[in-house]
Amino acid sequence: MAAYETIYAIVRQIPVGKVATYGQVADLAHMPGRARLVGYALFRVAPNSDIPWHRVINAKGEISESPERYGSDYLQRSLLEAEGIQFTPHGKISLQDYRWIGQALLSQKT
DNA sequence: CTAATGACGTAGA
DNA sequence: ATCTACGCCATTA
């Protein structure tokens, strides 16, 4: 039980071929500014879960890396490419093209 | 109860 | 464009 459940719910709503930033998920999860909690939540969820954690990236449009992930960042990139997401030569993702627009944000969108 | 942790975000230089 | 520093606060031991 935890606010993390909300985060998981948001991540599960990310459609294939799209990506969301931690801040994006945090905002949709009613936790603006708690991007760290989102990232930490995904760390706990682990790739064994049915949650598309690989569709969540940082605000820079890149995949976060951490020595504790044992190279799971490589796996994440592989999964994203499998969904048709392109990576720039710099190893980044075109956020403005693949950024998932949450339904709550659709109303806010100009 | 306290202490430590953490896949981030933003601002300033 | 890159780098540093601080804040954010739920979860776990």
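Atom set for the values below is all heavy atoms of this structure, side chains included, hydrogens, waters and symmetry mates excluded.
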*Asks:* Does A:Arg36 put a side-chain nitrogen or oxygen below 4.0 Å from OP1 or OP2 of C:dT11?
*Replies:* no
*Asks:* If I take atom NE2 in residue A:His90 and atom C1' in nucleotide C:dT2, what distance separates them, rounded to the nearest angstrom?
*Replies:* 13 Å
*Asks:* Using atom CD of A:Glu5 as one end and atom C1' of C:dT11 as the other, report the distance to the nearest whole Å.
*Replies:* 14 Å
*Asks:* Want to settle it: does A:Met31 or A:Lys92 sit nearer the 5' end of DNA chain C, counting the closest nucleotide to each?
*Replies:* A:Lys92
*Asks:* Please walk me through it: do A:Thr21 and A:Arg99 pass side chain to side chain contact (heavy atoms under 4.5 Å, CB included)?
*Replies:* CA-CA 8 Å; A:Thr21 66; A:Arg99 180 188 54 185; 5.7 Å; no
*Asks:* Are A:Val19 and A:Ile10 in one and the same hydrophobic cluster, where Ile, Leu, Val, Met, Phe, Trp and Tyr link if side-chain heavy atoms are under 4.5 Å apart?
*Replies:* no
*Asks:* In whole angstrom, what separates A:Arg55's CZ from B:dA7's C1'?
*Replies:* 17 Å
*Asks:* Roughly how many Å is it from CG in A:Leu42 to P in C:dT11, rounded to a whole number?
*Replies:* 14 Å
*Asks:* How many Å lie between CG on A:Leu37 and C1' on B:dT5, as a whole number?
*Replies:* 11 Å
*Asks:* Calculate, to the nearest 0.5 Å, the distance between atoms CD and CD1 belonging to A:Gln24 and A:Ile101 respectively.
*Replies:* 6.0 Å
*Asks:* So is A:Arg44 actually on top of A:Tyr4's ring, under 6.0 Å and inside 45° of the axis?
*Replies:* no
*Asks:* Tell me: CZ of A:Arg44 to P of B:dG6, nearest whole Å?
*Replies:* 13 Å
*Asks:* Let me know the distance between CG of A:Leu79 and P of B:dA7, rounded to the nearest Å.
*Replies:* 19 Å
*Asks:* Hydrophobic cluster membership, with links at side-chain heavy-atom distances under 4.5 Å among I/L/V/M/F/W/Y: are A:Ile14 and A:Trp53 in one?
*Replies:* yes
*Asks:* Between C:dC9, B:dC8, C:dT11, which one does the side chain of A:Ala3 approach most closely?
*Replies:* C:dT11
*Asks:* Between A:Arg55 and A:Leu79, does a side chain to side chain contact (heavy atoms under 4.5 Å, CB included) hold up when you go through it step by step?
*Replies:* CA-CA 8 Å; A:Arg55 294 184 195 143; A:Leu79 290 169; over 6 Å; no
*Asks:* Measure CG/A:Asp27 against P/B:dC8 and give the value in whole Å, please.
*Replies:* 18 Å
*Asks:* For nucleotides 9-13 of chain B, which of its nitrogen or oxygen atoms have a protein nitrogen or oxygen under 3.5 Å away, and what is each distance?
*Replies:*
from	atom 1	to	atom 2	distance (Å)
B:dG9	OP1	A:Ala59	N	3.0
B:dG9	OP2	A:Ala59	N	2.8

*Asks:* So which heavy atom on A:Ile63 is nearest to which on A:Leu80, and how close?
*Replies:* CD1-CD1, 4.1 Å
